[in-house]
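All remarks here apply to the structure that follows.
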Amino acid sequence: DLSGGETFRYPTLEGYRLNYCFDDARTSCGAKAAHSWCEEKGFEKALGWREEKSIGGLFPTIVMGTDQICDRFLCDGFEEITCGS
């Protein structure tokens, strides 16, 4: 249920698109990055999200847990994240 949530298209952090993974561990992709990003925005959690694959070459991404910039095409990001409580 996404009612009461706020959807952010092409979420960014520090001017970069948000990477789909929270850190270098491939197990922390999707949910962990989305929830952490929403918490930084003052929300309780992420209610939903959509991945956008292979965007790093055009839109460099930032890995939230390490602050690394990923500027290769294999880097995935978010198309949108819906935050709420």
Side-chain angles (χ1 to χ4, degrees):
D1 180 19
L2 301 182
S3 62
E6 188 173 345
T7 299
F8 298 88
R9 302 261 306 149
Y10 312 117
T12 61
L13 181 67
E14 297 174 28
Y16 294 97
R17 292 281 299 275
L18 183 64
N19 192 282
Y20 196 67
C21 296
F22 180 77
D23 55 33
D24 295 332
R26 299 302 295 175
T27 55
S28 65
C29 300
K32 180 149 176 62
H35 288 305
S36 297
W37 189 82
C38 286
E39 286 170 8
E40 287 242 332
K41 293 277 183 204
F43 293 91
E44 201 173 296
K45 63 185 177 186
L47 303 176
W49 53 88
R50 270 214 307 264
E51 182 179 10
E52 189 172 7
K53 291 198 165 289
S54 305
I55 64 168
L58 293 174
F59 306 105
T61 63
I62 187 166
V63 180
M64 192 169 188
T66 62
D67 282 339
Q68 286 180 294
I69 305 304
C70 191
D71 60 3
R72 300 183 312 276
F73 274 104
L74 58 86
C75 304
D76 301 326
F78 287 91
E79 182 179 327
E80 63 182 32
I81 296 176
T82 300
C83 301
S85 54

Tell me, which pairs form a salt bridge (charged side-chain N to carboxylate O under 4.0 Å, His left out) where one or both residues lie in residues 11-20, sequence neighbours left out?
Arg17-Glu52
Of all the heavy-atom pairs spanning Asn19 and Cys75, show the shortest one and how long it is.
ND2-CB, 4.1 Å
If the condition is side-chain contact (heavy atoms from CB on, under 4.5 Å), which residues does Phe73 pass it with, not counting sequence neighbours?
Leu58
Could you note down all residue pairs passing salt bridge (charged side-chain N to carboxylate O under 4.0 Å, His left out) where residues 57-69 supplies at least one of them, sequence neighbours left out?
none
For Lys53 and Asp76, which heavy atoms make the closest approach, and how far apart are they?
CA-OD1, 3.3 Å
Working to the nearest 0.5 Å, report the span between CD1 of Ile62 and CD of Gln68.
9.5 Å
Looking at CD of Glu6 and SG of Cys83, how far apart are the two atoms once the value is rounded to the nearest 0.5 Å?
7.5 Å
Considering non-hydrogen atoms only, spot the tightest contact between Gly77 and Thr61 and give its length.
CA-CG2, 4.4 Å
With rounding to the nearest 0.5 angstrom, report the CE to NE2 distance, Met64 to His35.
12.5 Å
Measuring only between side-chain heavy atoms, which start at C-beta, is Tyr16 closer than 4.5 Å to Ile69?
yes
Does Leu13 belong to the same Ile/Leu/Val/Met/Phe/Trp/Tyr cluster as Val63, with side-chain heavy atoms less than 4.5 Å apart forming each link?
no
Gap between atom OG of Ser36 and atom NZ of Lys45 - 0.5 Å precision:
14.0 Å
Kindly state whether the ring of Tyr10 and the ring of Phe78 have centres lying under 6.0 angstrom apart.
no
Phe59 with Phe8, same ILVMFWY side-chain cluster at under 4.5 Å:
no
Any side-chain heavy-atom pair from Glu79 and Ile55 closer than 4.5 angstrom?
no
To the nearest 0.5 Å, what is the distance between SG on Cys38 and CG on Leu47?
7.0 Å
Please tell me whether Asp23 and Ser28 have a donor and an acceptor in their side chains that are separated by less than 3.5 angstrom.
yes
Distance flag, aromatic centroids of Phe43 and Trp37, threshold under 6.0 Å:
no
Under a 4.5 Å cut-off applied to non-hydrogen side-chain atoms, are Arg50 and Arg9 in contact?
yes
